*Asks:* 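Take a look at the following structure, please.
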Amino acid sequence: MEKAPPGAILLLMLFAHSCAVALNATNDPGADEFHVGVILDLGSLVGKEARTSISMAVEDFYAAHKNYRTRLVLHVRDSRGNNFQAASAALDLLNNYNVKAIIGPQKSSEAFFMTDIANISEVPVISFTATSPSLTSDNNPYFLRATINDSTQVNSIASLIKYYGWREVVPIYIDTDYGRSIIPDLLEALQGNDARVPYQSIIPQSATSEQITQELYKLMTMQTRVFIVHMTSPMASVLFTKAKEVGMMDKGYVWIVTFGVASLIGSLNPSVLEAMNGALGVGVYVPKSTELDNFTVRWNTRFRMDNPNDPLLKLSIFGLWGYDTIWAVAQAVEKAKSTKDTVQIQHMTNSMTSLKVPKETENGLKFLNAILQSKFRGLSGYFDLSGRQLQPSTFQIINIVGKGWRDVGFWTAQDGFSQRLTRPRSNGTYLSTKPDLNPVIWPGESTNIPRGWEIPTSGKKLQVGVCTSDGYPEYIYAEKDPLIVGMTKASGLAVEVFEETVKRLPYALPYEYVFYNTTENISSSYDDFVYQVYLKARPIPTCIQVLFVHFPKVISMHMQKYDIAVADITITYKRSSYADFSLPYTESGVAMVVPVRERINTTTWIFLKPLTFGMWSASIILFIYTGVVVWLLEFLGNNKAVRGPIPKQMVKSDVPPKKKNKTVSVNLQLFFSTFYEMVERLLSRIVLIIWLFFLLVLTSSYTASLTSMLTVQQLQPTVTDVHELLKNGEYVGYQGGSYVKDLLDELGFDKSKIRQYDSTDGFRDALSRGSSNGGISAVVDEIPYIKLFLAKHCEGYTMVGPIYKTAGFGFAFQKESPLRGDISKAILNITGGDTIIQIENKWIGDQNKCRNVGPVTISGSLTFESFKGLFILTGIASTSSLLIALVIYFYKNKQVQSGIGDAEQDFPQEFKADTIEEEKEQEETGAKGKQNMNLQNSTVKRSASIVIHRGERATGARVVPISGKF
């Protein structure tokens, strides 16, 4: 806090003493006095504000509690913002005024001195302004904090950073215990919300305006544009004034002030507020009430009386906490009735070592417990010191605009952000719902949310490292420009993808290529190339700087540091440990290139290969089952064609019916029509139609598979599995400098069987010679390289695989680089359209011209699993038809049997006898006509007899039967 003018110190001390005398004079003469010390920095904004609030609190409390028998007597002392002065004031109050409690001090550093005095004297110290997290009650039982802990606001700040999507933040804080103590909790909260802190700006307490300006210029050279300011209001006023002068309050910057400054926005100088326009602040929410409005009006009047020569300040939450603290102390005094205890302390002069432990404090602990039990609704909100400090329930997010501020929203630990506190929330946590905040006017009067980072304004361009790919210059080729010193030229597929990506960024990205010579550097692998990006973020060791003077070429690799590495860099786990990567811009995977050979399949039983053994078996069983079902259906339907010996029926089934057209082609249609005309029942024809559909599908698939085996297999790879190479001890090749060598080692290849090549021509020559003639049987490489090889040497070679999954090619960035997200989005835009195809056709060639580019697949046999559905459909249809036919057959048979039984019961005995005699005669004569009499004639005869018999009974006349035949 700022200090009071030296000439006014004596006047303020005299005024403080007069306040104490005035309070004593107004007390009830019969009341018990309770002396309380008050230590404030009376020259600061908070000190002036709190002095008025405390005085009004005493008056208001006893005006509302006239029957109380205790009265507070305040003794106000000025600490002048000095730790030693605050401790001296405390000793003076204890020695000379026998105070039972001390309200204050104002600063956290002063409170550290006061806690020792409080522990020795057993006098409670209550501060409503010391917010440092270092002040804990664990070792200070007599220290109470009637304010919040600064660490309680860090989660709201971290949530604010996450809400707007900023990934990097730079805290700016004062180099005091108040400034330093919040940083560990703040860093932890930011890390939990995926935010990174690349730098911490520490401002000394005694820093001049020039030193602050130099620090701001240093911040301007960095990419990060999000700053969290945690310092006292006087220091913050200087900081923002200078930030406005150097142009750091323009569009693109983000400033967030913590609770200590945000709570005093209304009391800052108008010029400071103008410089802070666009900044965000995190403060404690004070609920509105009629009592607060009335008190604010009275407070303004009282402040003008107390400070006639000072500008009017706006009542802040510190003044309200001071007011509520007095009420809590007054209530505790009345409850504890601490009127007789005394603190025996030796008279002090200039040394704190003379303070003695009290021999008797009857009610000190009782008074402390009474304060801890104080719970009431005060002007600042719910006031509860049971936890030895206040626990804020709601933080208020403000936006500084013009000469004031406006609400952006609120934040609570339970619900997160909201525009209004009355808005209904779901039962879930705020992490599962989309937060809601009002629009913000950012620095530069911009309404667009800043990205949070920019390219440094120091004039330096982004350093993009490039190199020449070994064996595949089509992907990247780089060299130093012989005409322009320090200029690097780069070309290739990777370079064109990068340049196209930069064009699609929503902002300008100045960059320059820096050549990385893989032939001159000590280590020429891509791992070392990517490691240069990691070194960019680390300082050069002093020992290397000394060696560089004597051995510049040897140490040159340590001096080559890049912001981005652009090349055909495979994204691997090892490299991701020290660098971040963009999304891949090529196809991923490792495959093999092997020669192909012509092969004509002359196997005698090749016609059986299109179907597996299981498929053949299931098809035969289904054919037999379908035939049996159709035969049963026709048999149950009294089809004459299915009567007789089985061999005769088979001959009938094989001979097609005669057609008028004598020229009939033997095909599937004739085969089906033959059986279709032989069957008579509808159920049989339904089964045949479904069976025909199955037969058509099966024959078509069989024909296609057999054709594929006779044609496609004519170009067959010599090797189809990498393990086959390992088993046979074949030689394999890989590209020099590639991580594929490590992969082959992991697969178990002997080092003597692995050969390195540096060009596609070397691969082709080795493949043509083969393992037996000093060459290789296969090339194991990444798919992008294989496509390039096959584009040049399409005939005679093919790709088999992939045999291993990789992440593809990407660009390397520094860890947590803000560029990575935007570059990755631009790559998605390129790879998702025709742009990447055009780039690949330009550098690799049209891949559609070579049919060997894709992985080789050999036609396989048809399995039962592929046709399971058809088998089930055909089987269900046949079985269902058979069941339906059986039900119909048994039902009709039952009806016929029932009719015959009724007729035999009503038939007369004489007619039965005549019938038996006629049958005997027919058997004896053996006539041919009688032998051929069928069941139908017998039935007609019996039916006629039944009719005659029933007619006789109906008329009462006897009917004489007519001899003859039916």
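Owing to the predicted nature of the structure, the values given are computational and were not obtained by experimental measurement. Position 1 is the first residue of the sequence, and the numbers go up from there.
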*Asks:* Ser582 and side chain to side chain contact (heavy atoms under 4.5 Å, CB included): which single residue from Val566, Ile823, Val497 fits?
*Replies:*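 The residue from Val566, Ile823, Val497 that satisfies side chain to side chain contact (heavy atoms under 4.5 Å, CB included) with Ser582 turns out to be Ile823.
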
*Asks:* Any luck finding a side-chain donor-acceptor pair between Tyr477 and Glu479 under 3.5 Å?
*Replies:*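 Judged by distance alone, the side chains do pair up.
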
*Asks:* My understanding is that only residues two or more places apart in sequence, or in another chain, count here; which of them pass salt bridge (Lys or Arg N to Asp or Glu O under 4.0 Å) with Arg820?
*Replies:* Asp580

*Asks:* Does Tyr731 have Lys753 sitting over its ring (NZ/CZ under 6.0 Å from centre, angle to axis within 45°)?
*Replies:* yes

*Asks:* In Å, rounded to the nearest 0.5 Å, how long is the span from CZ of Phe871 to CD1 of Ile876?
*Replies:*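 The CZ atom of Phe871 sits 13.5 Å away from the CD1 atom of Ile876.
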
*Asks:* Check side-chain contact (heavy atoms from CB on, under 4.5 Å) between Asp721 and all other residues, then give those that pass, not counting sequence neighbours.
*Replies:*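 Result, side-chain contact (heavy atoms from CB on, under 4.5 Å) vs Asp721: His723, Glu724.
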
*Asks:* Under a 3.5 Å distance rule, please check whether Arg755 uses its side chain to pair with a backbone N or O of Gly774 as donor and acceptor.
*Replies:* yes

*Asks:* Under the side-chain contact (heavy atoms from CB on, under 4.5 Å) rule, collect the residues that match up with Glu587, sequence neighbours excluded.
*Replies:*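 Glu587: side-chain contact (heavy atoms from CB on, under 4.5 Å) contacts with Ile783, Lys787.
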
*Asks:* Which pair of non-hydrogen atoms, one from Tyr757 and one from Ala766, has the smallest distance, and what is that distance?
*Replies:* OH-CB, 3.4 Å

*Asks:* Would Phe623 and Val628 count as a side chain to side chain contact (heavy atoms under 4.5 Å, CB included) here? Give the steps.
*Replies:* CA-CA 9 Å; Phe623 290 165; Val628 172; over 6 Å; no

*Asks:* Could you walk me through whether Thr570 and Tyr739 pass side chain to side chain contact (heavy atoms under 4.5 Å, CB included), step by step?
*Replies:* CA-CA 9 Å; Thr570 304; Tyr739 76 99; 3.5 Å; yes

*Asks:* Got a sec: does the CG of Asp834 have more than 12 other heavy atoms crowding it under 6.0 Å?
*Replies:*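 At most 12 heavy atoms, drawn from other residues, nucleotides or ligands, come within 6.0 Å of this atom.
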
*Asks:* Got a sec, which residues hit salt bridge (Lys or Arg N to Asp or Glu O under 4.0 Å) with Lys574, two or more places apart in sequence or on another chain?
*Replies:* Asp527

*Asks:* Applying salt bridge (Lys or Arg N to Asp or Glu O under 4.0 Å), can you list everything that pairs with Glu746, at least two apart in sequence or on another chain?
*Replies:* none

*Asks:* For the residue pair Leu611 and Leu698, establish whether any side-chain heavy-atom pair is separated by less than 4.5 Å.
*Replies:*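 Yes, side chains in contact.
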
*Asks:* Quick check: do Val687 and Thr626 have side-chain heavy atoms less than 4.5 Å from each other?
*Replies:* yes

*Asks:* Backbone N or O of Pro717 within a donor-acceptor pair of the Thr798 side chain at under 3.5 Å?
*Replies:*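 Looks like no, no N/O pair under 3.5 Å.
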
*Asks:* Tyr804: what forms a ring pair (Phe, Tyr, Trp, His ring centres under 6.0 Å) with it, not counting sequence neighbours?
*Replies:* none

*Asks:* Between Glu168 and Arg451, is there a side-chain N and carboxylate O pair less than 4.0 Å apart?
*Replies:* no

*Asks:* Flag the pair Arg504 and Glu500 as a salt bridge only when some basic side-chain nitrogen lies within less than 4.0 angstrom of an acidic carboxylate oxygen.
*Replies:*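 Here Arg504 pairs with Glu500 in a salt bridge, since their nearest N and O are under 4.0 Å apart.
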
*Asks:* Out of curiosity, Leu509 CG to Glu454 CD, how far, rounded to the nearest 0.5 Å?
*Replies:*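 So the CG of Leu509 and the CD of Glu454 are separated by 11.0 Å.
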
*Asks:* Under the rule for salt bridge (Lys or Arg N to Asp or Glu O under 4.0 Å), what residues qualify as partners of Glu782, not counting sequence neighbours?
*Replies:* none

*Asks:* With a 4.5 Å limit on heavy-atom distance, are the side chains of Asp745 and Ile754 in contact?
*Replies:* yes

*Asks:* Is there a donor-acceptor pair under 3.5 Å between the side chain of Ser576 and the backbone N or O of Tyr573?
*Replies:*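 Present.
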
*Asks:* With side chain to side chain donor-acceptor pair (under 3.5 Å) as the test, pick out the partner of Tyr472 among Asp758, Asp781, Asp568.
*Replies:*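 Looking at Asp758, Asp781, Asp568, the match for Tyr472 under the side chain to side chain donor-acceptor pair (under 3.5 Å) is Asp781.
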
*Asks:* Quick check for you: to the nearest 0.5 Å, what is the distance between Ile690 atom CD1 and Thr874 atom OG1?
*Replies:* 7.0 Å

*Asks:* What pairs meet the side chain to side chain donor-acceptor pair (under 3.5 Å) rule with one or both residues in residues 761-772, with sequence neighbours excluded?
*Replies:* Glu730-Ser771, Arg764-His793, Asp765-Arg769, Ser771-Ser777

*Asks:* If the condition is side-chain contact (heavy atoms from CB on, under 4.5 Å), which residues does Leu870 pass it with, not counting sequence neighbours?
*Replies:* Phe693, Phe694, Val697, Phe867

*Asks:* Just wondering, do Thr863 and Met615 contact through their side chains at under 4.5 Å, heavy atoms?
*Replies:*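 A side-chain contact under 4.5 Å is absent here.
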
*Asks:* Any side-chain heavy-atom pair from Ile830 and Tyr585 closer than 4.5 angstrom?
*Replies:*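 Answer no - side chains too far apart.
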
*Asks:* Check for me whether the distance between the ring centres of Tyr475 and Phe809 falls short of 6.0 Å.
*Replies:*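 They qualify: ring centres under 6.0 Å apart.
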
*Asks:* Measuring from Leu819:CG to Leu505:CG, what's the distance to the nearest 0.5 Å?
*Replies:*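 Rounded to the nearest 0.5 Å, the CG-CG separation comes to 7.5 Å.
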
*Asks:* Which residues pass the side-chain contact (heavy atoms from CB on, under 4.5 Å) test with Lys842, sequence neighbours left out?
*Replies:*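 By the side-chain contact (heavy atoms from CB on, under 4.5 Å) rule, Lys842 matches Glu496.
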
*Asks:* Is there side-chain contact between Tyr734 and Gln756, with at least one heavy-atom pair below 4.5 Å?
*Replies:* yes

*Asks:* Quick one: ring pair (Phe, Tyr, Trp, His ring centres under 6.0 Å) partners of Tyr513, sequence neighbours excluded?
*Replies:*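 Partners of Tyr513 by the ring pair (Phe, Tyr, Trp, His ring centres under 6.0 Å) criterion, ordered by chain and then number, come out as Tyr511.
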
*Asks:* Would a 4.5 Å heavy-atom cut-off, applied to side chains only, mark Tyr785 and Ser738 as touching?
*Replies:* no

*Asks:* Go through the structure and list residues passing side chain to side chain donor-acceptor pair (under 3.5 Å) with Glu512, not counting sequence neighbours.
*Replies:* Gln463

*Asks:* Determine yes or no for a side-chain-to-main-chain donor-acceptor pair under 3.5 angstrom, with Thr718 supplying the side chain and Val596 the backbone.
*Replies:* no

*Asks:* Apply side chain to side chain contact (heavy atoms under 4.5 Å, CB included) to residues Ile569 and Phe811 and explain how you reach the verdict.
*Replies:* CA-CA 7 Å; Ile569 304 172; Phe811 305 135; over 6 Å; no

*Asks:* Which heavy atom of Ile476 sits nearest a heavy atom of Ala567, and at what distance?
*Replies:*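 In terms of heavy atoms, the two residues are closest at CD1-CA, 3.6 Å.
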
*Asks:* For Thr224 and Pro198, work out which heavy atoms get closest and say how close.
*Replies:*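 Looking at all heavy atoms of both residues, the shortest contact is OG1-CG, 3.5 Å.
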
*Asks:* Any chance you could lay out the ring-ring contact (aromatic ring centres under 6.0 Å, His included) test for Phe813 and Phe581, step after step, and finish with the verdict?
*Replies:* CA-CA 6 Å; Phe813 298 85; Phe581 288 89; 8.5 Å; no

*Asks:* Rounded to the nearest 0.5 Å, what separation is found between the CD1 atom of Ile786 and the CE atom of Met799?
*Replies:* 6.0 Å

*Asks:* Donor-acceptor pair, Ser588 side chain versus Gly808 backbone, under 3.5 Å?
*Replies:*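 Not a single qualifying donor-acceptor pair exists.
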
*Asks:* Check the pair Thr879 / Tyr625 against side chain to side chain donor-acceptor pair (under 3.5 Å), numbers first and verdict last.
*Replies:* CA-CA 9 Å; Thr879 305; Tyr625 177 71; 2.6 Å; yes

*Asks:* Would you please test Tyr526 and Cys467 for side chain to side chain contact (heavy atoms under 4.5 Å, CB included) and show each step?
*Replies:* CA-CA 9 Å; Tyr526 269 25; Cys467 65; 3.8 Å; yes

*Asks:* Which value, rounded to the nearest 0.5 Å, describes the distance between Ser817 atom OG and Leu462 atom CG?
*Replies:* 8.0 Å

*Asks:* Could you tell me whether the side chain of Ile844 reaches within less than 4.5 Å of the side chain of Leu493, counting heavy atoms only?
*Replies:*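 They are in side-chain contact.
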
